[in-house]
**Student:** 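Take a look at this one; I'll ask things after.
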2 protein chains.
Amino acid sequence: MTQTTSSPASAPNSEAHRDGPLPRQRRTYSIGELAKMFEVTNRTIRFYEQEGLLAPERRGQTRIYSEKDRVRLKLTLRGKRLGFSLAEIREVVMMYDAMPDGNRRQLKRLLEILANKRADLEQQLEDIRLMQLDIDDVERRARDVLASLGDEAND
Amino acid sequence: MTQTTSSPASAPNSEAHRDGPLPRQRRTYSIGELAKMFEVTNRTIRFYEQEGLLAPERRGQTRIYSEKDRVRLKLTLRGKRLGFSLAEIREVVMMYDAMPDGNRRQLKRLLEILANKRADLEQQLEDIRLMQLDIDDVERRARDVLASLGDEAND
DNA sequence: CAAGCACTTTACGTTAACGTAAACCTCGGC
DNA sequence: GCCGAGGTTTACGTTAACGTAAAGTGCTTG
């Protein structure tokens, strides 16, 4: 749940160091499994593929999702909850994948994007903090009023 | 910047206690002023009014925004940054205003909504925490690669 | 072998949150 | 008097992120 870095196959020439308990689970998923697992529709998953966020294999016509796909989906949905657009999410996720090629300009760009994301997240944290305070205040008032009402007869 | 609760006029029968330095600024704003102030377009502000989030006065045909309107706009935009829909924002903001009437069912509903918002915010905090960790990881990797590249010639 | 279930593609529909264009008023200043 | 900078209404256009319907494929199960 907390370990994301897997990169199972397709590693050209760099060995993975410090992998931890390396998940040897060679599981795959159907579209329906993933859909239920994350409480989205099949349509949504296909749409994400169309948008370049997922790239499942095919057994004939049927899509076969790997562990990596599952992680990607998880990250995508998390990004969505935070208000990022699919385009933004794709930009980061794909760069994450394209990293080992070590193109310098790409990496610089990636660091830029990460800095921006960081700033966005900071802003969101601040927003949440403020909004929590507001909610606290509203709730206090509501409870006060409720209490002052005591046991009246309406509802 | 941090104090929100003002409720200047239109308080029917309850005196405001603990008001602090009570902002006696009887300022009003034009639509353009607010727009620049919050870096949105006039259209956006009119749209928010149409959606019941703002209710400026009129001097003839021209809209006159009060301090309260400004606060509402601020809250609305904050809510937006957190991914709430205008409908959700309206529901809370309007109830906040309608509070003094002390309708029991309304208040209960309000407390429900607040609880939900709280849960959402908690989820977002968790998401942010996780995403920050991910970003940290990606950045570390990127910097590693950049470093290992040393001083090559591409770009 | 027929039914059913899960999967597929294609394609048009929908909603939220505005953008944008046209056509109009109105006010202070030169 | 008119002109530019603001304001206004009306209304159609746009984008993202899917929903939904139609029509077909492929397996396995009674």
Side-chain angles (χ1 to χ4, degrees), chain A residues 27-66 69-70 72-94 113 117 120 124 127, chain B residues 27-66 69-70 72-94 113 117 120 124 127:
Chain A
R27 264 211 74 182
T28 66
Y29 308 88
S30 75
I31 192 171
E33 286 176 315
L34 281 188
K36 288 208 165 182
M37 178 174 305
F38 290 104
E39 302 194 284
V40 297
T41 68
N42 298 18
R43 168 63 173 142
T44 297
I45 294 182
R46 292 199 198 95
F47 181 70
Y48 288 172
E49 174 180 355
Q50 174 183 322
E51 293 299 300
L53 287 162
L54 301 174
E57 316 233 309
R58 297 279 183 143
R59 185 184 191 82
Q61 205 173 215
T62 304
R63 292 170 174 82
I64 308 284
Y65 297 89
S66 67
D69 289 317
R70 206 212 43 160
R72 277 209 189 186
L73 179 54
K74 186 182 69 182
L75 294 178
T76 298
L77 294 175
R78 182 186 296 162
K80 280 224 59 186
R81 283 197 300 270
L82 292 177
F84 295 120
S85 75
L86 294 185
E88 293 177 301
I89 296 170
R90 176 183 44 205
E91 202 173 6
V92 170
V93 169
M94 292 192 65
I113 294 183
K117 296 289 176 213
D120 286 3
Q124 290 206 22
D127 284 342
Chain B
R27 263 211 74 184
T28 66
Y29 306 88
S30 76
I31 192 170
E33 285 177 315
L34 280 188
K36 288 209 164 181
M37 180 173 304
F38 290 103
E39 302 194 285
V40 298
T41 67
N42 298 19
R43 168 65 171 139
T44 296
I45 295 183
R46 291 198 197 97
F47 181 71
Y48 288 172
E49 174 179 355
Q50 175 183 321
E51 294 299 300
L53 287 163
L54 301 175
E57 316 233 308
R58 297 277 183 144
R59 186 186 190 80
Q61 206 173 213
T62 305
R63 293 170 172 83
I64 308 285
Y65 296 88
S66 68
D69 290 316
R70 205 211 44 157
R72 276 208 191 186
L73 179 53
K74 187 182 68 182
L75 294 178
T76 298
L77 294 175
R78 181 186 297 161
K80 280 223 58 187
R81 283 197 300 269
L82 293 177
F84 297 119
S85 73
L86 294 184
E88 294 176 301
I89 296 170
R90 176 181 45 204
E91 202 172 6
V92 170
V93 169
M94 292 193 65
I113 294 182
K117 297 288 175 212
D120 286 1
Q124 290 206 23
D127 285 342

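Each chain gets a letter, A, B and so on, in the order the sequences are listed, and its residues count up from 1.
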**Student:** Indicate whether OP1 or OP2 belonging to C:dA6 is found under 4.0 Å from a side-chain N or O atom of A:N42.
**Tutor:**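 Checking C:dA6 against A:N42, no side-chain N or O comes under 4.0 Å of OP1 or OP2.
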**Student:** Starting at atom CD of A:E33, determine the distance to atom P of C:dA6, rounded to an integer number of angstrom.
**Tutor:**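 Between P of C:dA6 and CD of A:E33: 12 Å.
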**Student:** Measure the spacing between NZ of A:K36 and OG of A:S30 and express it to the nearest 0.5 Å.
**Tutor:**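 One finds 10.0 Å between NZ of A:K36 and OG of A:S30.
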**Student:** Quick one: salt bridge (Lys or Arg N to Asp or Glu O under 4.0 Å) partners of B:R43, sequence neighbours excluded?
**Tutor:**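 So B:R43 forms no salt bridge (Lys or Arg N to Asp or Glu O under 4.0 Å) with any residue.
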**Student:** Specify the separation, in whole Å, of atom CD1 of A:I64 and atom C1' of C:dA6.
**Tutor:**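 Whole-Å distance recorded here is 12 Å.
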**Student:** Roughly how far, to the nearest 0.5 Å, is OG1 of B:T76 from CZ of B:R81?
**Tutor:**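 These two atoms lie 11.0 Å from each other.
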**Student:** Can you measure A:E49 atom CD to C:dT10 atom P for me and round it to whole angstrom units?
**Tutor:**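 The answer, rounded to whole Å, is 12 Å.
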**Student:** Below the 4.0 Å mark, does D:dT25 have OP1 or OP2 next to a side-chain nitrogen or oxygen of A:T62?
**Tutor:**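 No, no such contact exists.
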**Student:** Quick one: B:I45 CD1 to D:dT9 C1', roughly how many Å, whole number?
**Tutor:**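 Computing the B:I45:CD1 to D:dT9:C1' distance gives 17 Å.
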**Student:** Using the 3.5 Å cut-off, write out each protein N or O paired with an N or O of nucleotides 21-24 of chain D and the distance between them.
**Tutor:**
none

**Student:** Suppose we screen for salt bridge (Lys or Arg N to Asp or Glu O under 4.0 Å). Which residues come up paired with B:R90, at least two apart in sequence or across chains?
**Tutor:**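 In terms of salt bridge (Lys or Arg N to Asp or Glu O under 4.0 Å), with neighbours along the sequence ignored, B:R90 is linked to no residue.
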**Student:** Does a nitrogen or oxygen in the side chain of A:R63 sit under 4.0 Å from OP1 or OP2 of C:dC7?
**Tutor:**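 No, because none of the side-chain N or O atoms of A:R63 sits under 4.0 Å from OP1 or OP2 of C:dC7.
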**Student:** At a cut-off of 3.5 Å, list every protein nitrogen or oxygen paired with a nitrogen or oxygen from nucleotides 11-20 of chain C, distance to 0.1 Å.
**Tutor:**
| from | atom 1 | to | atom 2 | distance (Å) |
| --- | --- | --- | --- | --- |
| C:dA17 | OP1 | B:L86 | N | 3.0 |
| C:dC18 | OP2 | B:Y48 | OH | 2.6 |
| C:dC18 | OP2 | B:K80 | NZ | 3.0 |
| C:dG19 | OP2 | B:T41 | OG1 | 2.7 |
| C:dG19 | OP2 | B:T44 | OG1 | 3.4 |
| C:dG19 | N7 | B:R43 | NE | 3.1 |
| C:dG19 | O6 | B:R43 | NH2 | 3.0 |
| C:dT20 | O4 | B:R43 | NE | 3.4 |

**Student:** May I have the list of side-chain donor-acceptor pairs in residues 44-51 of chain B shorter than 3.5 Å, sequence neighbours left out?
**Tutor:**
| from | atom 1 | to | atom 2 | distance (Å) |
| --- | --- | --- | --- | --- |
| B:T44 | OG1 | B:T41 | OG1 | 3.0 |
| B:E49 | OE1 | B:R63 | NE | 2.6 |

**Student:** Side chain of A:R70, backbone of A:Y65: donor and acceptor closer than 3.5 Å?
**Tutor:**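 Here the side-chain-to-backbone pair does not exist.
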**Student:** Using atom CZ of A:R58 as one end and atom P of C:dT8 as the other, report the distance to the nearest whole Å.
**Tutor:**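 Interatomic distance, CZ of A:R58 to P of C:dT8: 6 Å.
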**Student:** Measure the CG-CG distance between A:L82 and A:L77 for me, rounded to the nearest 0.5 Å.
**Tutor:**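 Atom-to-atom, A:L82:CG and A:L77:CG are 11.0 Å apart.
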**Student:** B:E57: which residues meet the salt bridge (Lys or Arg N to Asp or Glu O under 4.0 Å) condition with it, sequence neighbours left out?
**Tutor:**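 If we apply the salt bridge (Lys or Arg N to Asp or Glu O under 4.0 Å) test to B:E57, skipping adjacent residues, there are no hits.
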**Student:** Determine the contact category for A:R59: base if any of its heavy atoms lies under 4.0 Å from a base atom, sugar-phosphate if only primed atoms, P, OP1 or OP2 are that close, otherwise nothing.
**Tutor:**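 The answer is nothing, as A:R59 stays clear of every strand by at least 4.0 Å.
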**Student:** Separation of A:K36 atom NZ from C:dA6 atom C1', in whole Å?
**Tutor:**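 Result: 11 Å.
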**Student:** Does CZ belonging to A:R59 count more than 12 external heavy atoms closer than 6.0 Å?
**Tutor:**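 No, CZ of A:R59 has 12 or fewer neighbouring heavy atoms, counting only those of other groups under 6.0 Å.
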**Student:** Starting from P on D:dT8, measure out to CD on B:E57 and report it in whole angstrom.
**Tutor:**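 Spelled out: CD on B:E57 to P on D:dT8 is 14 Å.
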**Student:** Using a heavy-atom cut-off of under 4.0 Å over every strand shown, decide if A:R46 touches base, sugar-phosphate, or nothing.
**Tutor:**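 Since a base atom lies under 4.0 Å of A:R46, the category is base.
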